Number of protein chains: 2
Amino acid sequence: MAGSDKNDSKDMIARTVVRNITDLARLAGVSPGTVSRALAGKTLVNARTREKIEALAREHGFRPNQMASGLRRQKTGVIGVVIPLGHDTRQQISDSFFMTLLGHLADELTLHGYDLMLRRVVPDEDADWLDRFIGSGMIDGVIVIGQSDQFERIEDVAEGYRAMVVWGNHQEGQRHCVVGTDNRLGGRLAAERLIAAGATRLAFLGDTGPIEFAARFAGAQDVAARMGLAPVLPLVTHLSPDRASEEIAGHFERHGRGIDGIFAATDTLAALCLTELRACGLRVPEDVRIIGFDDLPVARHTVPPLTTVRQDIAAGAHSLVDLLLRRLAGEQTESLVMPPELVTRQTA
Amino acid sequence: MAGSDKNDSKDMIARTVVRNITDLARLAGVSPGTVSRALAGKTLVNARTREKIEALAREHGFRPNQMASGLRRQKTGVIGVVIPLGHDTRQQISDSFFMTLLGHLADELTLHGYDLMLRRVVPDEDADWLDRFIGSGMIDGVIVIGQSDQFERIEDVAEGYRAMVVWGNHQEGQRHCVVGTDNRLGGRLAAERLIAAGATRLAFLGDTGPIEFAARFAGAQDVAARMGLAPVLPLVTHLSPDRASEEIAGHFERHGRGIDGIFAATDTLAALCLTELRACGLRVPEDVRIIGFDDLPVARHTVPPLTTVRQDIAAGAHSLVDLLLRRLAGEQTESLVMPPELVTRQTA
DNA sequence: AGGAATCTTGCAATCGTTTGCAATCGACTC
DNA sequence: GAGTCGATTGCAAACGATTGCAAGATTCCT
């Protein structure tokens with residue numbers, strides 16, 4: 001009898017669907033407002049009442065609807081992360097560097113109680129990409145990963161919108177808050193190392209369009225000029241492995257032996273390049289020196305291990321989030337340019 | 001004068017902040033309802049009215065608030081993607097495989113007009129991870145990437161929640177809808193290839209805890225038993241490169257020459273393993289054969305290039321999204337088990 | 001011209017939560 | 001015992017967009 005009673009009451013409870021705070025309020029015999037306060041952990045509610053409400057909530061697996069809460073409070077607890085893709089649409093999002101950065105961002109944001117909304121956009125097809133994201137009302141702030149060729153648009157938006165931080169290159173007097181490596185310095189380090197390793201005819205492998213890459217290229221160019229060498233030869237490629245391989249092969253055919261030092265825009269490209277050089281029967285670093293950028297895990301495991309310019313991705317992610325949260329809190333923040341670090345392994 | 005007038009009106013417009021549909025309605029001289037309908041592209045509004053409203057919206061850069069819209073329509077246009085991390089917290093999210101899958105998911109979802117909300121959870125610290133995400137009201141459906149050690153919990157949730165699809169391993173009679181590779185078959189293919197390449201003492205490299213890996217291991221075990229070989233030796237490691245390297249070295253020290261065929265749970269591990277073998281002075285494939293899993297880009301560029309078992313990540317992502325959307329539309333869907341494919345390169 | 005049929009539009013309720021304000025209830029003081 | 005002071009709680013108005021219903025405006029037909 002007692003058992004049956006207990007079961008009945010259990011069934012009753014299970015049968016009562018709790019869709020919203022009002023349902024729960026009815027069960028608890030209080031008003032919706034009180035439930036809201038209790039669940040939000042405010043001090044205004046009586047301890048016993050709060051416990052009762054919390055118990056009921058747990059029992060029914062009830063959680064306040066974040067949409068409604070967000071609407072009322074005018075904040076969502078979500079940070080947008082957007083990756084603008086250049087012409088080279090498909091690949092960048094699977095690019096190892098961006099993905100690693102994204103992973104760290106997810107960790108950092110979670111740590112601070114924020115969710116992450118990821119959006120991949122193709123600015124060429126959607127000029128409005130950034131405003132659309134911000135204006136959606138779904139996010140409290142936005143982190144832009146990579147400026148691509150959208151520097152100007154980002155500047156425009158920064159004018160009227162504070163809750164934005166960008167990963168990328170810093171330019172004298174720019175308005176938007178950026179976190180990134182000193183790419184130009186990185187380029188200099190790379191070129192200097194190539195030359196120290198005996199190279200005299202340098203090339204830059206990768207697209208020089210994106211502003212970060214352009215800066216790396218420029219840095220190498222600085223050094224070549226200073227040392228009285230021939231200008232660095234740009235070997236333009238896409239980033240996606242499939243296309244890049246062919247393109248690299250093509251470049252080698254054309255410029256063949258005219259090159260003895262290669263600065264690759266990315267470790268990924270450098271790795272491809274190594275494979276290609278091996279196929280051509282060129283020895284690294286004896287015939288050709290090569291140096292990458294990023295210091296991704298892959299750099300450690302190429303043969304021979306890749307000399308590269310290191311970016312501290314984890315620190316970058318940390319700073320991006322930190323600066324964004326400060327901005328959300330109303331603070332003014334400066335851009336942060338991090339120093340690159342040469343990691344000498346065996347390819348240069 | 002005329003010029004000044006024009007400027008004034010421009011300023012007026014610029015000064016009038018349009019925060020919501022009501023503001024815009026006032027400007028357009030219609031009711032909020034009409035604006036809503038116009039912006040939603042419904043046929044019910046007069047063409048001229050719609051144009052006027054659209055023009056005003058464009059002019060003021062107005063976009064309807066998605067939170068409010070979501071609240072009213074009871075759908076958000078957001079799909080949650082959640083990655084449960086095992087004990088091995090930090091690394092998995094930067095694991096190349098997951099990240100690649102994530103990239104493809106982002107592409108597929110965008111294609112269908114959905115946004116992607118990414119969440120990384122540590123089930124050990126938060127038993128409630130899945131319900132919490134689903135119950136948040138922020139997402140219309142959820143894609144779980146990897147079952148980790150959470151098979152049971154996922155099963156429980158699947159009982160009462162339809163809008164979920166999982167990437168992982170399929171088990172006879174399971175309730176939740178899963179997309180994944182036939183891991184056991186993959187394990188068999190790998191072992192068969194190792195044996196065909198001359199190996200007789202097999203080892204499995206990686207954690208055998210996660211259900212996908214366990215299935216791969218079991219597949220290899222099947223073959224070893226069938227061929228009358230000694231059981232496959234499990235060499236347990238973490239996934240993160242830093243720890244795995246040491247662990248692999250440790251395993252080699254202990255089991256030294258007792259192994260001549262290695263099946264790595266992952267290409268990443270296989271690549272590390274190659275480096276480690278090289279350091280030990282062992283030749284691949286002459287002394288030791290090795291075979292990976294996934295066919296990540298890295299597999300093509302190890303030295304020598306890695307023989308591996310291919311999973312079609314892009315197809316997987318496509319199917320995950322396809323099945324989820326069907327479920328959102330109310331359809332019943334079956335799990336999808338994709339066949340793995342042996343890619344023979346030079347390590348076995 | 002009168003009436004029916006079709007288009008457009010406005011009205012107001014609704015989604016679920018939060019929060020300022022005011023009301024209620026005890027307890028405590030003088 | 002009346003008055004005061006906190007501590008709790010309820011009430012109701014937001015937040016911003018959507019949508020069923022009904023009214024008003026057009027058009028069309030005879």
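Throughout, a chain's letter reflects where its sequence line sits, starting with A, and its residues are numbered from 1. Not measured: the values here are computed from a predicted model.
Regarding contacts with the backbone of D/dT18, every side-chain N or O of B/K42 stays at 4.0 angstrom or more from both OP1 and OP2. Applying the 4.0 Å criterion to OP1 and OP2 of C/dT8, one finds that B/T49 has every side-chain N and O outside that range. Checking the phosphate oxygens (OP1, OP2) of C/dG16, a side-chain nitrogen or oxygen of B/Q74 falls inside 4.0 Å. Phosphate contact (OP1/OP2 of C/dG16, side-chain N/O of A/N65, threshold under 4.0 Å): absent. Phosphate contact (OP1/OP2 of D/dG10, side-chain N/O of A/S31, threshold under 4.0 Å): present.
Here the C1' atom of nucleotide C/dG16 and the CZ atom of A/R19 are 12 Å apart, to the nearest Å. Atoms CG (B/N46) and C1' (C/dT8) sit 7 Å apart, rounded to a whole Å. At whole-Å resolution of the value, CG in B/D23 and P in D/dC15 are 10 Å apart.
Of the residues near DNA chain C, A/L71 and B/T34, the one whose nearest nucleotide (by heavy atom distance) lies more toward the 5' end is B/T34.
Contact annotation: side chain of A/R73 to base of C/dT18, donor-acceptor pair absent below 3.5 Å. One cannot find a donor-acceptor pair under 3.5 Å joining the base of C/dG16 and the side-chain atoms of B/R72.
Annotation: side chain of B/N169 is not in contact with side chain of B/F151 (no heavy-atom distance under 4.5 Å). With a 4.5 Å cut-off on side-chain heavy atoms, B/V121 and B/I83 do not count as touching.
Note on A/S36: a base of the nucleic acid sits closer than 4.0 angstrom, heavy atoms only.
A salt bridge links A/E54 with A/R50; the closest basic N to acidic carboxylate O contact falls under 4.0 Å. A salt bridge does not link B/D156 to B/R153: none of the charged nitrogens lies less than 4.0 Å from a carboxylate oxygen.
With axes fitted over five pairs at each extremity, the angle between the ends of the helix from C/dA1-D/dT30 to C/dC30-D/dG1 is 50° (10° resolution).
Minimum atom distance to the side chain of B/I21 is reached by D/dT18, of the listed D/dT18, C/dT9, C/dT17.
Listed here is the closest heavy atom pair of A/A25 and A/S31: CB-C, 3.7 Å.
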